[in-house]
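First the structure, in the form of structure tokens, and then the observations on it.
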Protein chains: 2
Amino acid sequence: MPGPIQSLSRAAAIMRLLAGGERRLGLSEVSTALGLAKGTAHGILRTLQQEGFVEQDPESGKYQLGAELLRLGQSYLDVHELRARALVWADDLARAAGETVYLGVLHQQGVLIVHHVFRPDDTRQVLEVGSMQPLHSTALGKVLVAYDPVARGELGDGPYESYTVHTLTEAVDVDAECALIRERGWSDSIEETWEGVASIGALIQDRRRNPVGSVCISGPVERVCEDGFVKPSLVASVRSAARAISRDLGAGRF
Amino acid sequence: MPGPIQSLSRAAAIMRLLAGGERRLGLSEVSTALGLAKGTAHGILRTLQQEGFVEQDPESGKYQLGAELLRLGQSYLDVHELRARALVWADDLARAAGETVYLGVLHQQGVLIVHHVFRPDDTRQVLEVGSMQPLHSTALGKVLVAYDPVARGELGDGPYESYTVHTLTEAVDVDAECALIRERGWSDSIEETWEGVASIGALIQDRRRNPVGSVCISGPVERVCEDGFVKPSLVASVRSAARAISRDLGAGRF
DNA sequence: GACAGGCGGTCGACATTGTCGACCGCAGTG
DNA sequence: CACTGCGGTCGACAATGTCGACCGCCTGTC
């Protein structure tokens, strides 16, 4: 039976729909958005609700995602081998560099943040674990595109969305940048996604040299850069952290 | 069609199974654990994999939870109204009390942590958003049991699991404690779950006075307590934070 | 190095199962 | 006070997911 299970695919589509829309959605909205009969959508929603994946506002009757998803997402992090091995290295990197550290893996057409170390001694920050960043405009993403053919495939041919005046929106430009990244072994992104923010990324590989994720530091451009280029000392820190994590992944495999 | 969709319930059971077991599970393990035919389990797993809810280790063929769950769990937090309104108050409470702050909601037979503010100026801490705490032995849980009949129902009649010598394991003891909690309007838990840890909790209500969650501070017993009782000043801080959040929830409803 | 045992994965027949579209009661609205 | 929209239900139908036997592969073993 090499076909996907219809009801499951539909349930997944419904949850993605609920995740996308900011506000809660009604039964009719869901069914029309996905082209399903109202009864069908209701059956799926009712089951998802029983399982805790979806909650219903008792007043309006509208649906939103449920708490069970949060719990399962946490379990995903617990099992995640890359994340487990990277925890301590990411902490060290944040302390050494004095900047925010992100750890990401390829997921669909973006980079999913699986770990986030706050900048040491700084004010209120929002945890971004579980959020996505674009592939073509971030240090985390570009280093994956450079080394992982799957990531390059997910990126497509563009043109890509533009976030600032520095964003590379054409495939040829990104590919040229990726060649450079492969040559020197690290990536950067200076105000390509957010104004005033620069980052430096490096690849994490498993023991067979397969790319499995990336690590980066991110901070205000005036602290991360010097004379228009990222500081070499920070590059060295990031690369050595990436190597350390890769070595860790290669070493133990229970 | 007032019956749950079979394949969906089974898929949910599989995901919960994968979340429970620490390590990755093989196809046969999954199918026997749930009493499913191997072909059936495989079909569900294949679909879940396509949707990103489950990942397969290409080497061993074993399955684990997928990244999409993390992303959807994050979306759940984004929509969560209680959490959104409580963010700033929780921060203030942590700063005023100088201790860790948790925000929880009832989920199944436990309290799901939906927000976690680290203790100010302290060493490395693990984020516990998405994890569960017991109902009968924590300040977060007991205040829910005291005010929310649903939570009391989920708790059951015991005896409950014992974590330390202070854990209340009998229903009558918990119910007596809950009466006290209702009388004075706040809950505490002194080394009932973890040795050396004490917490103070209070209820959060929506605008119709329905219990929707709870907030607590948690810290070393020697800082939170005095002469064997929790410090009144900390109790006042927690209660005022809970009132502020409740007021916020009642005020705006877009 | 042939064998056995376990694995993940496939196949096709069967009937269970999910799907569909019409229908219901209710709430808000002009 | 009809009317329109909502969430939810119902029952017939057949498409759908389920089952258990089977396949090829790898691994460990004697």
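Each chain gets a letter, A, B and so on, in the order the sequences are listed, and its residues count up from 1.
- Here dC20(C) is the nucleotide among dG8(D), dT19(C), dC20(C) with the atom lying nearest to any side-chain atom of Leu36(A).
- Side-chain proximity of Arg10(A) to the nucleotides dG8(D), dC20(C), dG18(C) is greatest for dC20(C).
- Following rounding to the nearest Å, Ile5(A) (CD1) and dC19(D) (P) show an atom-to-atom distance of 10 Å.
- For Ala37(A), the side-chain atoms get nearest to dC20(C) when compared with the rest of dG18(C), dG9(C), dC20(C).
- Among the heavy atoms of the strands lying under 4.0 Å from Lys38(A) is at least one base atom, whether or not backbone atoms are also near.
- Atom NE2 of His42(B) is separated from atom C1' of dA21(D) by 16 Å (rounded to the nearest Å).
- Remark: P of dT19(C) and CZ of Arg46(A) are 11 Å apart, rounded to the nearest angstrom.
- Nearest to the side chain of Gln56(A), among dG8(C), dG7(D), dG18(C), sits dG7(D).
- Each of dC19(D), dG8(D), dG9(C) was ranked by its minimum atom distance to the side chain of Thr40(B); first place goes to dC19(D).
- Counting only distance, with no hydrogens or angles, the side chain of Ser137(B) and the backbone of Thr193(B) share no donor-acceptor pair below 3.5 Å.
- Per the geometry, CD belonging to Gln6(B) stands 8 Å off C1' belonging to dT16(C), to the nearest Å.
- Taking the six-membered ring for Trp, His136(A) and Tyr163(A) have ring centres closer than 6.0 Å.
- Listed nucleotides dT19(C), dG8(D), dC7(C) differ in distance to Tyr63(A); the shortest reach to its side chain belongs to dG8(D).
- Taking atom CG of residue Leu8(B) and atom P of nucleotide dT17(C), one finds them 14 Å apart after rounding to whole Å.
- Between Ser7(B) and dT16(D), a side-chain N or O to OP1/OP2 separation shorter than 4.0 Å is absent.
- Applying the side-chain contact (heavy atoms from CB on, under 4.5 Å) test between Val105(B) and each of Val212(B), Leu144(B), Ile204(B), Leu112(B) identifies Leu112(B) as the sole match.
- For Leu25(B) and dC7(C), the CG to P distance is 12 Å, given to the nearest whole Å.
- Using a 4.5 Å heavy-atom threshold, the side chains of Ile113(A) and Leu103(A) count as separate.
- Atom CD1 in Ile44(B) sits roughly 16 Å away from atom P in dG8(C) (whole-Å rounding).
- Gln108(B) has its side chain within reach of Glu68(A): a pair of non-hydrogen atoms, C-beta onward, lies under 4.5 Å apart.
- Checking dC7(C), dG8(D), dG18(C) against every side-chain atom of Leu27(A), the shortest atom distance belongs to dG8(D).
- Here dG18(C) presents its P atom at 15 Å from CG of Leu45(A), a figure rounded to the nearest Å.
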